[in-house]
Amino acid sequence: MTELAQQSCEACRADAPRVTKEQMPALSAAVPQWQVIDDHAVLKLQRQFSFNNFVQAMTFSNQVGDLAEQHGHHPAILTEWGKVTVTWWTHKIKGLHNNDFVMAAKTDELAG
Ligand SMILES: C[C@H](O)[C@H](O)[C@H]1CNC2=NC(N)=NC(=O)C2=N1
């Protein structure tokens with residue numbers, strides 16, 4: 001499998017396949033700092049990033065936003081003093097797609 005972070009996102013389609021139970025372990029292992037959460041039956045990938053202050057948190061949030069725009073795939077971003085929580089899922093399929101794991105890996109690269 002090509003390094004997740006080097007992959008590109010497929011166009012989001014309503015009939016795109018969700019990540020299967022069988023595929024989940026290998027994909028999760030590739031982004032070990034992310035949690036798969038069940039949000040009212042919608043599976044999502046979530047990670048919290050820590051910073052020294054609000055300005056650093058805001059800067060990172062904007063970088064994630066730019067990344068999202070660049071790839072046409074968008075997360076939920078919660079920006080707090082010293083913390084940013086990023087949550088990836090695919091709205092169109094109400095669940096997790098390979099794109100979400102790709103974007104999580106790219107987000108990790110941003111954070112360094
Ligand atoms: C029209 C636009 O390309 C689509 O609505 C894209 C935008 N970004 C997206 N981001 C995410 N996470 N899921 C989507 O289904 C999605 N769809």
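In what follows, every heavy atom counts, from backbone to side chain, and hydrogens, waters and symmetry copies are set aside. Note that the structure is predicted; figures quoted are calculated from it, not measured. Both ligands and their constituent atoms are indexed starting at 1 by order of listing.
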Verdict with supporting geometry, Trp34 and Asp108, side chain to side chain donor-acceptor pair (under 3.5 Å): CA-CA 9 Å; Trp34 293 77; Asp108 284 345; 2.8 Å; yes
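- For Met58, the side chain to side chain contact (heavy atoms under 4.5 Å, CB included) partners are Phe54, Asn62, not counting sequence neighbours.
- Residues satisfying the salt bridge (Lys or Arg N to Asp or Glu O under 4.0 Å) test with Asp39, not counting sequence neighbours, are Lys44.
- Side chain of Lys92 to main chain of Asp15: no donor-acceptor pair is present (N/O by atom type, distance under 3.5 Å, no hydrogens or angles).
- For ligand 1, residues of the protein lying within 4.0 angstrom by heavy-atom distance are Cys12, Gly72, His73, His74, Trp89, Thr90, His91, Lys92.
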Go through the steps for Met24 and Leu27 under the test side-chain contact (heavy atoms from CB on, under 4.5 Å), then give the verdict. CA-CA 5 Å; Met24 200 67 85; Leu27 286 168; 5.7 Å; no
Contacts table for residues 74-87: side-chain donor-acceptor under 3.5 angstrom, sequence neighbours left out:
| unit_1 | atom_1 | unit_2 | atom_2 | d |
| --- | --- | --- | --- | --- |
| His74 | NE2 | Glu69 | OE2 | 2.7 |
| Thr79 | OG1 | Ser61 | OG | 2.7 |
| Thr87 | OG1 | Gln46 | NE2 | 2.8 |

